Amino acid sequence: QLQLAESGGGLVQAGGSLRISCLVSGDTYRTYGTGWFRLAPGKEREFVAAISWNGARTYYTDSVKGRFTISRDNDKNTVHLQMNSLKPEDTAVYYCAAAFTGAPVWIAPLATNAVDAWGQGTLVTVSS
């Protein structure tokens, strides 16, 4: 099993930047992909970004392409989401997620039903 703990959320003005991080613990010797999802008021939890275990492949939802960058450091068991050019509609609780995969190049998780472990969430608020 994996345990995930996010950090780095906060309040930022529109157009600003913020980096949130996720520390992974537990069965980190296994191959797993990691990703970020977000939950905004009145909406369902949605996929934001994911990265393969070896960091070679990434995938983003259309609304954040070119603005957000996901990365990971397996030596430190951490995953980061660098968010630039933030918009008020990016306001949400951001959740780190992980999914065990069969190969280091597989991108996962891409959907909520594919997640094996969730973090507790970190709030990102973008003011206009």
Side-chain angles (χ1 to χ4, degrees):
Q1 293 184 347
L2 297 173
Q3 293 79 45
L4 311 177
E6 301 94 336
S7 62
L11 174 64
V12 62
Q13 289 187 331
S17 298
L18 196 65
R19 188 176 84 156
I20 55 179
S21 300
C22 176
L23 177 63
V24 185
S25 59
D27 295 341
T28 57
Y29 62 91
R30 297 180 62 179
T31 302
Y32 60 93
T34 49
W36 292 92
F37 292 74
R38 63 187 180 186
L39 179 62
K43 296 185 178 180
E44 295 186 351
R45 193 178 317 203
E46 66 169 349
F47 167 81
V48 177
I51 188 168
S52 60
W53 184 88
N54 64 0
R57 299 178 66 195
T58 57
Y59 187 75
Y60 300 90
T61 191
D62 286 346
S63 62
V64 308
K65 285 181 181 177
R67 300 189 298 123
F68 290 12
T69 302
I70 187 171
S71 62
R72 64 187 290 168
D73 183 341
N74 288 343
D75 289 336
K76 297 181 179 179
N77 294 321
T78 55
V79 184
H80 306 288
L81 186 67
Q82 176 67 44
M83 302 180 290
N84 299 327
S85 302
L86 282 161
K87 305 175 181 180
E89 51 264 43
D90 294 318
T91 294
V93 177
Y94 284 71
Y95 295 89
C96 182
F100 293 113
T101 61
V105 297
W106 289 1
I107 302 175
L110 299 178
T112 56
N113 60 4
V115 175
D116 292 314
W118 291 100
Q120 81 286 354
T122 186
L123 177 62
V124 173
T125 304
V126 184
S127 62
S128 58

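The shown structure was predicted, so the numbers you read here are calculated from the model rather than taken from an experiment.
- Contact detail for Ala114 and Ala99: the closest heavy-atom pair is O-CB, 3.2 Å.
- Each of Leu11 and Leu18 belongs to its own hydrophobic cluster when Ile, Leu, Val, Met, Phe, Trp and Tyr are linked at side-chain heavy-atom distances under 4.5 angstrom.
- In this structure, the side chain of Arg72 does not engage the main chain of Gly55 through any donor-acceptor pair within 3.5 Å.
- Annotation for Tyr59: atom OH does not count as buried by contact number, only 12 or fewer foreign heavy atoms lying within 6.0 Å.
- Listed here is the closest heavy atom pair of Phe68 and Tyr60: O-CE2, 3.3 Å.
- Put simply, the side chain of Glu6 never gets that close to the backbone of Cys22: no donor and acceptor are under 3.5 Å apart.
- For Lys65, the NZ atom counts as densely surrounded, since its 6.0 Å shell holds more than 12 non-hydrogen atoms of other residues, nucleotides or ligands.
- Leu110 and Trp118 fall within a single hydrophobic cluster, where Ile, Leu, Val, Met, Phe, Trp and Tyr are joined by side-chain heavy atoms under 4.5 Å apart, directly or via other members.
- Put simply, the side chain of Ser128 never gets that close to the backbone of Pro88: no donor and acceptor are under 3.5 Å apart.
- Nearest heavy atom pair, residue Ile107 against residue Ala50, reads CG2-CB, 3.7 Å.
- Ring orientation note: the planes of Phe47 and Phe37 are nearly perpendicular, at an angle over 60° on the 30°/60° scale.
- The backbone N or O of Trp53 lies less than 3.5 Å from a partner atom in the side chain of Asn74, making a donor-acceptor pair.
- In this structure, the separation between CD on Gln3 and CD on Gln120 is 12.0 Å, given to the nearest 0.5 Å.
- Between atom OH of residue Tyr95 and atom CD of residue Glu46 there is a gap of 12.5 Å, rounded to the nearest 0.5 Å.
- Residues Thr101 and Ala108 come closest through the heavy atom pair CG2-CB, 3.7 Å.
- Taking NZ of Lys87 as the start and OG of Ser63 as the end, the distance is 8.0 Å to the nearest 0.5 Å.
- Under the 4.5 Å side-chain heavy-atom criterion for ILVMFWY residues, a single connected hydrophobic cluster contains both Leu86 and Ile70.
- In this structure, NE2 in His80 is found 12.5 Å from OG1 in Thr69, a value given to the nearest 0.5 Å.
- One hydrophobic cluster, built from ILVMFWY side chains closer than 4.5 Å, cannot hold both Val115 and Val48; they sit in different ones.
- Summarising the geometry, atom CH2 belonging to Trp36 is positioned 7.5 Å from atom OG1 belonging to Thr122; distances are rounded to the nearest 0.5 Å.
- Cys96 and Leu4 get closest at one heavy-atom pair: O-CD1, 3.5 Å.
- Tyr94 pairs with exactly one of Leu123, Leu39, Val124 by the side-chain contact (heavy atoms from CB on, under 4.5 Å) rule, that one being Val124.
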Query - side-chain contact (heavy atoms from CB on, under 4.5 Å) assessment of Arg38 paired with Leu81 - result: CA-CA 12 Å; Arg38 63 187 180 186; Leu81 186 67; over 6 Å; no
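- In terms of hydrophobic clustering, with Ile, Leu, Val, Met, Phe, Trp and Tyr side chains grouped at heavy-atom distances under 4.5 Å, Ile51 and Ile20 are assigned to a common cluster.
- Taking both residues in full, the closest heavy atoms of Ala98 and Leu2 are given as CB-CD1, 3.7 Å, listed atom of the first, atom of the second, then distance.
- Distance alone, capped at 3.5 Å, is enough to place a donor-acceptor pair between the Arg67 side chain and the Ser85 backbone.
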